[in-house]
Novice: 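Below is one structure. I have some questions about it.
Predicted model only: the values in this text are computed from it and were never measured.
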Amino acid sequence: MKTFITKTYQIKTEKLKGGHPVRFAVLADLHGLVFGNENQDLFHAIEKSGADAALVVGDMVVRADVSTVSAVTGFLCRLANRIPVFYALGNHEYKMLLNPDTSTEYLTYEHVLTNAGVCFLHNEHVCMNIRGTEFTFYGLELPEEYYRKPFSPYPDRQDMRELVGKPSGDGISVLLAHNPKYGDVYFEWGADFIFSGHYHGGILRFNEHHGLTCPQYLLFPPYCCGDFHRQEQHMIVSAGLGEHTIPVRIHNPRELILAELIPDEGGPGGNTAQKTGGDS
């Protein structure tokens, strides 16, 4: 039976203005998998978490299997009825959109979800005040060549600015970027928080931050999984909820990520990660 764990990262930040923690549920690489009837197990885990918003970082569907669209649509519609949902495409959605044989199904999928309140970010950004803090959410949509196997071009900060603009200087900037391969560029671009997926935890996961390979067939890829920090910037890479290209997971449970931003009131610094809830 398919199961997942819920993993919580707690990160202190001085940029929270409302004095209250803010919690995000991060969804990545579901690939049409279903946990419980119509994904009720996943829905209830997010509902129970008290998340203020859901951040979808792509590959919720399988590009060559349009039946996975229906498996995801109802779940995200219900979720958007409870909390804001921000959605940046992964390579599977993007390729489904570009393929003439599947583009109609994808466009219908996005249309239905948009009408339900899901906010798709195609190299766009949107601002929202959450518990007294202004957040700007950016959705990075990389061209197809950045997913080539095993070698792909490497963007720089100027490429990022041409795609998605400059990060706002006000409040907290959150970048949803499916492919973690370019983590160095994301940090250089200037996001406060970065959320990615795509690597499926390295397939064979060695520890919190290291895995064997990824869907692009890179060995020991950087930014494979877990949390990464550069001073006041933070990147979290989900091991995902499903699998596709290499349908194997070893020491690498499927995971729902909860990112909890906590006001830093001048006490000892540091960021912590903890598993909560066990198998769901």
Novice: Would you say the ring centroid of Phe137 lies under 6.0 angstrom from that of Phe24?
Specialist: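 That pair passes the under 6.0 Å test.
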Novice: Hydrophobic clustering (ILVMFWY, side-chain heavy atoms < 4.5 Å, transitive) - are Met235 and Leu27 grouped together?
Specialist: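 Leu27 and Met235: separate clusters.
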Novice: Could you tell me whether Arg230 and Asp184 have a side-chain N and a carboxylate O separated by less than 4.0 Å?
Specialist: yes
Novice: Has Arg249 got more than 12 heavy atoms of other residues, nucleotides or ligands less than 6.0 Å from its CZ?
Specialist: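 Enclosed: over 12 neighbouring heavy atoms sit under 6.0 Å from CZ of Arg249.
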Novice: Is a side-chain donor or acceptor of Asp29 paired with a backbone partner of His198 at a separation under 3.5 angstrom?
Specialist: yes
Novice: Identify whether Met60 and Val118 are in the same connected component of the hydrophobic contact network (ILVMFWY, side-chain heavy atoms under 4.5 Å).
Specialist: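 Cluster IDs for Met60 and Val118 match.
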Novice: Identify each donor-acceptor pair in which a side-chain atom of residues 156-164 lies under 3.5 Å from a protein atom, sequence neighbours left out, and give them as a table.
Specialist:
residue	atom	partner	partner atom	Å
Asp156	OD1	Gln158	N	3.1
Asp156	OD1	Asp159	N	2.8
Asp159	OD2	Asp156	N	3.0

Novice: In terms of side-chain heavy atoms, does Glu105 have a donor or acceptor partner in Tyr109 at a distance below 3.5 Å?
Specialist: no
Novice: What residues form a side chain to side chain contact (heavy atoms under 4.5 Å, CB included) with Asn129, not counting sequence neighbours?
Specialist: Glu134
Novice: Counting only N and O atoms by type, is there a donor-acceptor contact under 3.5 Å from the side chain of Ser103 to the main-chain atoms of Leu98?
Specialist: no
Novice: Are Phe75 and Ile83 connected, step by step, through hydrophobic side chains (Ile, Leu, Val, Met, Phe, Trp, Tyr) whose heavy atoms are closer than 4.5 Å?
Specialist: yes
Novice: Grouping I, L, V, M, F, W and Y whenever their side-chain heavy atoms are under 4.5 Å apart, do Ile250 and Tyr217 come out in a common cluster?
Specialist: yes
Novice: Just wondering, are more than 12 heavy atoms of other shown residues or ligands nearer than 6.0 Å to NE2 in His111?
Specialist: no
Novice: Grouping I, L, V, M, F, W and Y whenever their side-chain heavy atoms are under 4.5 Å apart, do Leu140 and Met128 come out in a common cluster?
Specialist: no
Novice: So, applying ring-ring contact (aromatic ring centres under 6.0 Å, His included) with Phe120, which one of Tyr94, Phe86, Tyr87 is it?
Specialist: Tyr87
Novice: Can you check whether Asp59 reaches His244 side chain to side chain, under 4.5 Å on heavy atoms?
Specialist: no
Novice: Is the ring pair His178/Tyr147 parallel, tilted or perpendicular, if the boundaries are 30 and 60 degrees?
Specialist: tilted
Novice: Of all heavy-atom pairs between Ile246 and Cys214, which one has the smallest distance, and what is that distance?
Specialist: CD1-O, 3.9 Å
Novice: To the nearest 0.5 Å, what is the distance between CG on Leu16 and CD1 on Ile172?
Specialist: 4.5 Å
Novice: Measuring from atom NE2 of His200 to atom SG of Cys224, what distance do you get when rounded to the nearest 0.5 angstrom?
Specialist: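 It comes to 10.5 Å.
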Novice: Write down the atom of Pro167, the atom of Trp189, and the distance for their closest heavy-atom approach.
Specialist: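 That closest heavy-atom pairing would be CG-O, 3.3 Å.
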Novice: Any non-hydrogen side-chain atom of Tyr186 less than 4.5 Å from a side-chain atom of Pro180?
Specialist: no
Novice: Could you check whether Lys7 pairs with Glu208 (Lys NZ or Arg NE/NH1/NH2 to Asp/Glu carboxylate O, under 4.0 Å)?
Specialist: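 A salt bridge links Lys7 with Glu208.
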Novice: If a pair satisfies ring pair (Phe, Tyr, Trp, His ring centres under 6.0 Å) and one of its residues is in residues 149-175, list it, with sequence neighbours excluded.
Specialist: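 For residues 149-175: Tyr154-Tyr182.
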Novice: Output the distance between atom CZ (Arg254) and atom CG (Leu30), rounded to the nearest 0.5 Å.
Specialist: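 Interatomic distance, Arg254 CZ to Leu30 CG, rounded to 0.5 Å: 10.0 Å.
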Novice: State whether Arg78 and Glu38 are salt-bridged, where the test is any N-O pair (Lys NZ or Arg NE/NH1/NH2 against Asp/Glu carboxylate O) under 4.0 Å.
Specialist: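 The answer is yes: the pair qualifies as a salt bridge.
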Novice: Could you state the interatomic distance from NE2 (His251) to CZ (Arg205), rounded to the nearest 0.5 Å?
Specialist: 12.5 Å
